Amino acid sequence: MQKESPPIIDDVTVETFQREGVVLLKGFFTPWVDTLAHGIDELMANPSEYGLARTVTPKDGSAPFFQDYCNWSRIPAFKDFVFNSPAAEIAARLMVSESARFFHEHTLVKQPGSSTVTPWHHDQPYYCVEGQQNVSLWIPLDPIEQSISLRCIRGSHLWGEEFSPTRFNGTRLYEHQRFRDLPDIDAHAAEYDIVSWAVEPGDAIAFHYRTLHGAAGNSSSRSRRVFSARWVGDDAVFADRGGTTSPPFPELTLKDGEPLISPLFPEVWPRKTAA
Ligand SMILES: O=C(O)CCC(=O)C(=O)O
């Protein structure tokens, strides 16, 4: 369901995203908070096999970090958001792309008190996609204090480097010779241009797949629910990583370098007009 006319992404916001690889969008998805919260309730009551595998339960007995992805086609609220919210148009503008194709959604619920830290990483090496035109819209559904919000390193998407994709336990996601290990960012935090914001439900932090990011545990007494909607643009091609990516997309039969065109990744922008 269309909630209202889409907000305008101005040129300064596009330029900031292109230059810094991260930008805060204030209140762009406020009309969609209830829809997405309803979808997350439904998902958590019936997680996918990925959700069961990906949820991190801290050894110290604190609350889990629930994660699940690739559920948009079975959770009606998520599907409504993908096709009817302004997200696709916003993504196309930020990516400077004629088209916006939905890559997948990722639900991240850090429950109150969860000690699980999201380690520094960037997403592109985890994914089966290459290209410069991409964006994740990290949309909080709860107020989140700056100290436990997403942290990003401004400009890291332009470093021309890719870092080894690892699981939360530090093991490699797949074998490769290609990617370097990440430097110890926390030990040298002053050397990096780290940005974070306190956010409200319906804000979005838009960040590039190569932007390094992470987050502290949830030391607050309320849940930190986030819906991260991931988009790719005109230049997206399939990347055969030689191992299982995250998400894995086992049904895909594309060859390395082929355009990322598949019903798994619907083109949502430009909008199709009904015949
Ligand atoms: O929410 C978090 O803790 C991390 C989010 C993240 O890594 C992502 O959306 O790619």
Side-chain angles (χ1 to χ4, degrees), residues 20-30 32-34 36-41 43-45 47 50-69 105-123 126 136-154 156 163 165-171 173 182-207 211-230 246:
E20 302 189 347
V22 57
V23 71
L24 173 64
L25 307 176
K26 279 304 285 175
F28 279 59
F29 297 104
T30 308
W32 288 88
V33 168
D34 289 347
L36 291 175
H38 180 71
I40 289 182
D41 285 348
L43 176 66
M44 291 182 77
Y50 296 141
L52 297 171
R54 290 193 55 86
T55 293
V56 182
T57 304
K59 290 202 175 64
D60 61 7
S62 67
F65 179 18
F66 172 87
Q67 294 189 66
D68 203 346
Y69 49 33
E105 93 297 334
H106 190 156
T107 298
L108 307 116
V109 180
K110 258 185 204 179
Q111 289 170 351
S114 178
S115 65
T116 306
V117 171
T118 306
W120 287 105
H121 68 286
H122 57 183
D123 292 334
Y126 289 76
S136 284
L137 301 174
W138 189 89
I139 303 169
L141 306 180
D142 297 292
I144 303 176
E145 295 157 29
Q146 185 177 7
S147 60
I148 59 166
S149 186
L150 193 73
R151 296 183 294 168
C152 293
I153 302 186
R154 274 195 279 236
S156 52
F163 299 102
T166 55
R167 302 187 181 87
F168 268 78
N169 64 12
T171 60
L173 185 63
L182 195 66
D184 187 346
I185 290 166
D186 287 326
H188 303 276
E191 295 168 25
Y192 297 100
D193 187 4
I194 298 174
V195 66
S196 62
W197 296 276
V199 287
E200 294 297 324
D203 292 348
I205 297 177
F207 63 96
T211 299
L212 286 163
H213 58 281
N218 182 4
S219 51
S220 82
S221 55
R222 94 183 126 211
S223 201
R224 196 217 68 170
R225 294 171 301 168
V226 170
F227 183 85
S228 212
R230 314 203 191 278
S246 176

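Residue indices begin at 1 and follow the sequence shown. Keep in mind that this is a model prediction, so the values were computed, not measured. In what follows, every heavy atom counts, from backbone to side chain, and hydrogens, waters and symmetry copies are set aside.
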Begin with the C-alpha distance, continue with both residues' side-chain angles, and end with the deciding distance and a verdict on side chain to side chain contact (heavy atoms under 4.5 Å, CB included) for Leu137 and Phe29.
CA-CA 10 Å; Leu137 301 174; Phe29 297 104; 4.0 Å; yes

To the nearest 0.5 Å, atom CD of Glu145 lies from atom CZ of Arg222 at 6.5 Å

Backbone of Arg225 reached by a side-chain donor or acceptor of Asp142 within 3.5 Å:
yes

Please report the shortest heavy-atom distance between Ala45 and Pro47, naming the atom on each side.
C-CD, 3.7 Å

Candidate pair Leu182 and Leu212, rule side chain to side chain contact (heavy atoms under 4.5 Å, CB included), full reasoning
CA-CA 10 Å; Leu182 195 66; Leu212 286 163; 3.5 Å; yes

Backbone of Ser196 reached by a side-chain donor or acceptor of Gln146 within 3.5 Å
yes

Decide whether Ser228 and Tyr69 meet the rule of one side-chain donor and one side-chain acceptor closer than 3.5 Å.
no

If you measure from OG on Ser246 to CG on Leu173, what distance do you get to the nearest 0.5 Å?
6.0 Å

Measure the shortest side-chain to side-chain distance between Ser220 and Ile148 over non-hydrogen atoms and say whether it is less than 4.5 angstrom.
yes

Nearest 0.5 Å, what's the CZ-CG distance between Phe227 and Leu108?
10.0 Å

Where the side chain of Thr55 meets the backbone of Phe66, is there a donor-acceptor pair that is under 3.5 Å apart?
no

Can you find a heavy atom in the side chain of Pro143 that is under 4.5 Å from one in the side chain of Pro201?
yes

Would you confirm whether Arg230, through its side chain, and Ser136, through its main-chain N or O, come within 3.5 Å as a donor-acceptor pair?
no

Counting neighbours of CG on Asp34 that are heavy atoms of other residues, nucleotides or ligands and sit closer than 6.0 Å, is the number greater than 12?
no

All heavy atoms of Val109 vs all of Ser223, minimum pair found to be CG1-OG, 3.4 Å

Between Ser149 and Trp138, is a side chain to side chain contact (heavy atoms under 4.5 Å, CB included) present by the stated rule, with each step listed?
CA-CA 10 Å; Ser149 186; Trp138 189 89; 4.1 Å; yes

Using every non-hydrogen atom in the two residues, find where Thr116 and Pro58 come nearest and quote the distance to one decimal.
OG1-CG, 3.4 Å

Considering all heavy atoms, the nearest Pro64-Thr57 contact:
CB-OG1, 4.2 Å

Checking the side chain of Thr211 only, and the main-chain atoms of Val22 only, is there a donor and an acceptor separated by less than 3.5 Å?
no

Going through the distances and angles, do Ile194 and Ile185 end up as a side chain to side chain contact (heavy atoms under 4.5 Å, CB included)?
CA-CA 10 Å; Ile194 298 174; Ile185 290 166; 4.3 Å; yes

Examine distances only and state if a side-chain atom of Asp193 and a backbone atom of Ile153 form a donor-acceptor pair shorter than 3.5 Å.
no

OG1 on Thr107 to CG on Leu141, rounded to 0.5 Å
8.5 Å

Does some side-chain heavy atom of Val226 sit less than 4.5 Å from a side-chain heavy atom of His106?
no

Distance-minimising heavy-atom pair for Ser62 and Gly113:
CB-O, 3.4 Å

Taking NE2 in His121 as the centre, count heavy atoms belonging to other residues, nucleotides or ligands within less than 6.0 Å. Is the count above 12?
yes

Given Arg151, Lys110, His213, the one that forms side chain to side chain donor-acceptor pair (under 3.5 Å) with Thr118
Lys110

Picking from Asp203, Leu24, Ile144, what satisfies side-chain contact (heavy atoms from CB on, under 4.5 Å) with Trp197?
Leu24

Is it true that a side-chain atom of Ser114 and a backbone atom of Gln111 form a donor plus acceptor pair closer than 3.5 Å?
no

Strictly under 6.0 Å, is that where the ring centroids of His122 and Phe163 end up?
yes

